[in-house]
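Here is the structure we will look at, set down as structure tokens.
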2 protein chains.
Amino acid sequence: MDETPPVSSLESHLGYWLRAVSNNVSQGFARKLEDEGVTVAEWVFMRMLFDFETVSPSELAEAMGMTRGAISKLADRLVAKDLVERRASLADKRAQTLALKPAGRARVPVLAALADGNDREFFGVLEEEERGELDRLLRKIVSKRGLAAVTTD
Amino acid sequence: MDETPPVSSLESHLGYWLRAVSNNVSQGFARKLEDEGVTVAEWVFMRMLFDFETVSPSELAEAMGMTRGAISKLADRLVAKDLVERRASLADKRAQTLALKPAGRARVPVLAALADGNDREFFGVLEEEERGELDRLLRKIVSKRGLAAVTTD
DNA sequence: TCTTTCTAGTTGACTAGGAAACAATCCCCG
DNA sequence: CGGGGATTGTTTCCTAGTCAACTAGAAAGA
């Protein structure tokens with residue numbers, strides 16, 4: 001009777017398409033950031049510090065969907081580049097606070113412009129309202145599944 | 001005058017949300033596959049071999065959006081697990097052909113079921129027609145931007 | 001108080017992948 | 001033919017993450 005078990009195709013999974021597009025967008029973005037000597041994770045890290053003066057590594061790890069270990073090393077790199085500084089916390093000697101240094105702060109608008117350009121490049125193929133819909137759907141998944149994350153790949 | 005330069009937020013970029021969701025979906029999937037001792041890349045690799053009997057590493061690299069070097073190592077791992085085999089190509093002594101071994105072939109339906117479950121878990125929060133729309137939008141980006149992602153039709 | 005337990009951040013071992021150099025082989029053109 | 005360039009797959013080195021063990025300090029409880 002030739003009973004072939006039904007095996008779903010790769011293309012039938014939204015996760016597959018999501019991964020394909022996301023990897024591409026991130027790789028494209030990474031390439032643009034390369035000229036600025038910054039990675040995607042570093043951009044996200046700096047953009048977060050730009051808004052919130054006082055951020056702890058743990059909070060950042062949570063917000064970026066990365067482990068504390070990864071944040072620790074990421075911070076090392078940014079400190080080495082003189083874009084970020086670590087400040088000891090007075091209240092709690094274990095804790096620290098991360099902050100942008102002036103050079104880092106000055107860099108953020110430039111990187112933001114690259115992010116804008118990257119988004120235009122990849123999502124410009126969609127109509128305005130399609131972009132709105134995509135945005136809505138992605139946010140819905142994030143909120144319904146309660147994830148706080150952005151990683152980098 | 002206080003001319004603050006406008007710095008776009010992380011959340012204003014579709015790439016940001018895409019990355020957030022995609023990473024989450026993939027991490028969730030990776031965790032499910034872990035019990036089977038397989039990675040996401042290995043699943044994709046095997047699923048492709050499942051359909052097309054004869055695939056060269058280069059084609060696979062193209063289809064999976066990875067470098068040939070990465071495919072070479074990925075193949076090494078799968079060969080080591082006895083799921084895949086390399087066959088020399090008769091016509092061209094440089095070339096080779098990758099094929100699933102019986103153990104690998106037997107594994108695919110199980111992994112496909114996990115992929116189905118993962119998709120349900122993450123995208124089940126959307127309505128049926130929202131999923132259709134998301135699918136459409138992602139495919140549109142892939143086709144308009146000519147991403148390598150699998151010759152689909 | 002002092003001791004146990006928890007929390008913040010760091011570190012080391014390991015993994016997957018990219019970039020580029022490489023060897024083998026093929027192909028084309030003189 | 002035969003030699004220069006393309007192409008196939010591998011390899012080496014590097015980067016950026018994870019996980020789990022670790023250190024230092026804080027907190028809670030007897």
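Just so we're clear, the structure is a prediction, and the values are computed from it rather than from any experiment. Letters A, B, ... are given to chains in the order of the sequence lines, protein chains preceding strands, and every chain is numbered from 1.
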* Asked: Contact class for Ala41(B) (heavy atom, under 4.0 Å): base, sugar-phosphate, or nothing?
  ->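 It contacts sugar-phosphate atoms only.
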* Asked: Distance from Leu74(A) atom CG to Phe45(A) atom CZ, nearest 0.5 Å?
  ->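 It comes to 5.5 Å.
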* **Set of salt bridge (charged side-chain N to carboxylate O under 4.0 Å, His left out) partners for Asp116(B), sequence neighbours left out** =>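 In terms of salt bridge (charged side-chain N to carboxylate O under 4.0 Å, His left out), with neighbours along the sequence ignored, Asp116(B) is linked to no residue.
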Name all residues meeting the side-chain hydrogen bond (donor to acceptor under 3.5 Å, both in side chains) criterion together with [X]; count only those two or more places apart in sequence or in a different chain, and write none if there are none.
X: Arg139(A); result: Asp135(A)
X: Lys140(A); result: Glu130(B)
X: Glu85(A); result: Arg87(A)

In whole angstrom, give the distance that lies between atom [atom1] of [X] and atom [atom2] of [N].
X: Gln96(A); N: dG25(D); atom1: CD; atom2: P; value: 14 Å
X: Asn23(B); N: dA16(C); atom1: CG; atom2: C1'; value: 14 Å
X: Leu60(B); N: dT10(D); atom1: CG; atom2: P; value: 12 Å
X: Glu34(B); N: dT18(D); atom1: CD; atom2: P; value: 13 Å
X: Leu78(A); N: dG17(D); atom1: CG; atom2: P; value: 10 Å
X: Leu33(B); N: dA16(C); atom1: CG; atom2: P; value: 13 Å

Only distances under 3.5 Å count here; give the side-chain donor-acceptor pairs of residues 28-38 of chain A to other protein atoms, sequence neighbours excluded, each with its distance to 0.1 Å.
| from | atom 1 | to | atom 2 | distance (Å) |
| --- | --- | --- | --- | --- |
| Lys32(A) | NZ | Asn118(A) | OD1 | 2.7 |
| Lys32(A) | NZ | Glu121(A) | OE1 | 2.8 |
| Glu36(A) | OE1 | Arg107(A) | NE | 3.2 |

* Contact list for DNA chain D against residues 85-93 of chain B - heavy-atom distance below 4.0 Å ->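 Residues of residues 85-93 of chain B under 4.0 Å from DNA chain D: Arg86(B).
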Would you list the protein and nucleotides 18-20 of chain C atom pairs, both N or O, that sit under 3.5 Å from each other?
| from | atom 1 | to | atom 2 | distance (Å) |
| --- | --- | --- | --- | --- |
| dG18(C) | OP2 | Thr67(B) | N | 3.2 |
| dG18(C) | OP2 | Thr67(B) | OG1 | 3.1 |
| dG18(C) | O6 | Lys73(B) | NZ | 2.5 |

Return the set of residues passing side-chain contact (heavy atoms from CB on, under 4.5 Å) with [X] (not counting sequence neighbours), or none when no residue passes.
X: Lys81(A); answer: Glu42(A), Leu83(A)
X: Glu133(B); answer: Glu133(A), Leu137(A), Arg136(B), Leu137(B)
X: Thr67(A); answer: Ala70(A)
X: Asp92(B); answer: Ser89(B), Arg94(B), Ala95(B)

* Between dA16(C), dT11(C), dG9(D), which nucleotide has the shortest distance from any of its atoms to the side chain of Asp76(A)? ->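 Of the candidates, dT11(C) comes closest.
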* Thr39(A) side chain, from C-beta outward: closest of dA16(D), dT11(C), dT10(D) ->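 Nearest listed nucleotide: dA16(D).
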* Where do Glu53(A) and Arg105(A) land on the salt bridge (Lys or Arg N to Asp or Glu O under 4.0 Å) test, with the steps shown first? -> CA-CA 11 Å; Glu53(A) 205 58 37; Arg105(A) 179 160 295 273; 3.7 Å; yes
* Asked: Within the pair Ser58(B) and dG9(D), is there a side-chain N or O less than 4.0 Å away from OP1 or OP2?
  ->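 So the side-chain polar atoms of Ser58(B) do come within 4.0 Å of the phosphate oxygens OP1 or OP2 of dG9(D), strictly under.
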Which atom pairs link the protein and nucleotides 3-7 of chain C when you take only N or O atoms and keep those under 3.5 Å?
| from | atom 1 | to | atom 2 | distance (Å) |
| --- | --- | --- | --- | --- |
| dT7(C) | O2 | Arg94(A) | NH1 | 2.5 |

